[in-house]
Amino acid sequence: MHFRKKLSRTVPAILLCGTLLAGCGTGSDAFQVSDLGKMFRNFFDMGNSLSSSSGTAAAQGEDGNQGTGATDTDSGSGTGSGDGVSSGSDSSIISDISLFLDGMTEDYKDNVPDGSSLFINNAPVFYYYSQLSEEEQGIYDALLAVTRDPTSTKYHKKATVHEDPSSDAFSQEVTTAYEAMIYDHPELFWFRQSSGNFQYYYNSLSTDGTYDVMFRLSRIYDDYQTQMTAFNQAVSSFMADIDLTQSQPVIALQIHDKLIDMVTYDTDLAAAYTPDGGFDFGYTAYGALVTNSRGQANTCVCDGYSYAYEYLLQQAGITCTRVGGYAGQDENSMEAHSWNLVQLDGEWYEVDPTWDDQDSDPDQYAAQGPIISAALGDAAYWNKIRHFMFNLTTDQISHYTPGQEYTYYTDDGYATFLSSSVHVRDDGTESSGGAVDYVTKLAPTANGTTYTYSNLSSYATGYNGQTDYDGDGIPG
């Protein structure tokens with residue numbers, strides 16, 4: 001039996017029932033790869049990393065090693081040849097690269113999209129960007145700039161770096177900047193569905209000890225207009241029910257509640273997950289707010305919940321980010337998972353909207369006895385269950401033990417629906433599934449205790465004025 005349609009649960013006993021929490025069953029992000037070289041290949045077309053000033057070329061192979069360049073000494077440009085070169089055989093791409101490199105002079109000018117974009121984000125702060133080094137921020141800025149119009153590959157932007165662009169250190173800088181951008185910008189869900197999204201090119205070491213590296217898209221977003229319009233309309237519709245005149249803690253609670261009311265956990269996607277599995281919109285905010293790749297509306301796994309919650313809070317002007325890691329009943333049963341961190345009045349809080357998405361149906365579980373039925377039908381009690389992972393400290397969520405307030409007492413006995421659990425953040429080392437998360441280690445520690453659910457529920461009004469948190473028959 002399941003106590004929710006989201007994750008498998010154990011059958012509760014009538015007197016003492018413990019719901020065994022499990023991980024999401026999906027990776028913390030799309031970076032499910034076995035090594036840095038493969039990760040880097042997945043998101044950047046490394047086939048033509050050229051040196052225009054020296055007439056040499058370096059090609060990045062699938063194994064992350066440098067290939068041998070075939071130079072063109074007359075023009076000072078070349079085409080790389082090495083293992084895994086994905087664009088070197090395309091003459092049109094090579095032509096574009098040659099023209100691109102010809103413009104790389106001391107007075108080189110960026111060519112970035114101007115005008116409006118369907119990619120919208122009103123975040124007051126992009127957390128992971130703020131944690132990067134100055135050099136990584138420059139790479140992040142270049143990548144983000146060329147995404148503004150993903151219908152063309154003609155745009156390019158320069159970043160000036162000190163690391164040798166052929167080195168592993170630079171590869172890690174670019175990967176960190178890219179991952180920070182994806183974590184900061186849930187609206188860029190498109191980039192998680194394919195590989196080779198960017199190309200970069202660089203010149204030789206300059207007299208001041210730096211390299212100029214130019215980034216551009218290597219493929220276009222074919223469904224940009226259709227999908228981003230649907231996404232933005234879904235966000236507008238969602239936010240119409242949120243009272244943005246309330247305080248930020250109340251707004252964050254309203255968004256949390258509407259999201260878990262609306263979204264269905266994608267059990268099929270979770271069951272089919274493998275580290276090298278294919279892409280599905282169920283891993284993104286698009287899956288949560290629009291549809292997964294199989295056409296199921298508002299259906300996703302934990303990545304979708306966490307990206308959607310982050311994005312919706314950003315649009316309300318609230319600083320929010322997400323982390324990747326592992327969760328389960330204990331460290332031996334952990335599975336890959338993702339959740340959120342929210343900043344309210346300067347304090348950070350941990351929130352796991354996936355685990356909070358607990359469904360109750362008294363009629364369905366009537367056979368379990370009157371105590372279980374009474375607990376499931378008690379709005380005030382079940383609201384506590386649906387917020388047990390809302391606004392916790394890092395210490396609390398890391399080694400969670402439910403308090404007595406989560407035990408349902410009657411004259412005939414008692415029942416509980418929660419058990420101890422753990423949430424462990426990714427520390428940046430390679431996991432057993434081959435994943436490497438380069439930015440979660442930069443996430444803040446949550447120590448906030450002011451805006452716990454028990455504190456907020458005494459006065460907060462639910463989204464659309466409906467939620468009765470304390471069970472007194474009056475919303476709020």
Establish, yes or no, whether a centroid distance under 6.0 Å links the rings of H256 and H387. yes

Working to the nearest 0.5 angstrom, can you tell me the gap between F238 CZ and N298 CG? 9.5 Å

N/O donor to acceptor pairs below 3.5 angstrom from side-chain atoms of residues 439-449, sequence neighbours left out:
residue, atom, partner, partner atom, Å
T440, OG1, G324, N, 2.9
T440, OG1, D437, OD1, 3.4
T440, OG1, D437, OD2, 2.7

With a 4.5 Å heavy-atom cut-off, do Y381 and Y409 have their side chains touching? no

May I ask you to test the W339-R425 pair for a side-chain heavy-atom distance under 4.5 Å? yes

Check: F281 ring centre within less than 6.0 Å of F189 ring centre: yes

Rounded to the nearest 0.5 Å, the CG atom of D268 sits from the CG atom of N292 at a distance of 9.0 Å

Taking the side chain as every heavy atom from C-beta outward, state whether Y155 and T147 have any pair of such atoms under 4.5 Å apart. no

Check: M228 main-chain N/O paired with N232 side-chain donor or acceptor under 3.5 Å: yes

To check you understand the geometry: which heavy-atom pair defines the closest contact between I318 and A252, and what is its length? CD1-N, 4.1 Å

Are F390 and W355 close enough that their ring centers fall under 6.0 Å? no

E350 vs N340, side-chain contact (heavy atoms from CB on, under 4.5 Å): CA-CA, chis, key distance, verdict: CA-CA 6 Å; E350 306 244 9; N340 295 97; over 6 Å; no

Working note: D257 + Q254, criterion side chain to side chain donor-acceptor pair (under 3.5 Å); need CA distance, chi angles, decisive distance, verdict. CA-CA 5 Å; D257 290 357; Q254 289 185 2; over 6 Å; no

Could you tell me which residues satisfy salt bridge (Lys or Arg N to Asp or Glu O under 4.0 Å) with R294, sequence neighbours excluded, listed by chain and number? D266, D280

Within 6.0 angstrom of D395 CG, more than 12 heavy atoms from elsewhere: no

Salt-bridged, R386 to D356, with N to O below 4.0 Å? no

Kindly say whether Q296 contributes a backbone atom to a donor-acceptor pair with the side chain of T291 at under 3.5 angstrom? yes

Hey, mind stepping through Y221 and Q227 against side chain to side chain donor-acceptor pair (under 3.5 Å) and telling me if it holds? CA-CA 10 Å; Y221 183 1; Q227 290 179 350; 2.6 Å; yes

Which is it for E179 and T176 under the side chain to side chain donor-acceptor pair (under 3.5 Å) test, yes or no, and what are the steps along the way? CA-CA 5 Å; E179 191 166 334; T176 300; over 6 Å; no

From Y283, F198, Y286, Y224, residue fulfilling ring-ring contact (aromatic ring centres under 6.0 Å, His included) relative to F191: F198

Is there side-chain contact between H337 and C302, with heavy atoms separated by less than 4.5 Å? yes

Can you confirm whether V250 sits close enough to Y451 that some side-chain heavy atom of one is under 4.5 Å from a side-chain heavy atom of the other? no

Are Y128 and H185 close enough, and set up right, to give a side chain to side chain donor-acceptor pair (under 3.5 Å), and what steps lead you there? CA-CA 10 Å; Y128 285 117; H185 291 271; over 6 Å; no

Can the positive tip of K384 be found less than 6.0 Å from the middle of the six-membered ring of Y406, inside 45° of the ring normal? no

Any side-chain heavy-atom pair from I255 and L313 closer than 4.5 angstrom? yes

Would you sort out whether F231 and F119 count as a ring-ring contact (aromatic ring centres under 6.0 Å, His included), showing the intermediate values? CA-CA 10 Å; F231 181 76; F119 293 128; 9.2 Å; no

Holding to ring pair (Phe, Tyr, Trp, His ring centres under 6.0 Å), I want the full list of residues that pass it with Y349, two or more places apart in sequence or in another chain. none

Do other residues, nucleotides or ligands put more than 12 heavy atoms under 6.0 Å from E405 CD? yes

Separation between CD1 (I260) and OH (Y309), nearest 0.5 Å, reads 9.5 Å

Decide if the gap between the ring center of F388 and the ring center of Y400 is smaller than 6.0 angstrom. yes

Scanning both residues in full, the closest heavy-atom pair of Q314 with P186 reads OE1-CD, 3.6 Å

Yes or no on salt bridge (charged side-chain N to carboxylate O under 4.0 Å, His left out) for R322 and D352, after CA distance, side-chain angles and deciding distance? CA-CA 10 Å; R322 67 184 293 275; D352 188 342; over 6 Å; no

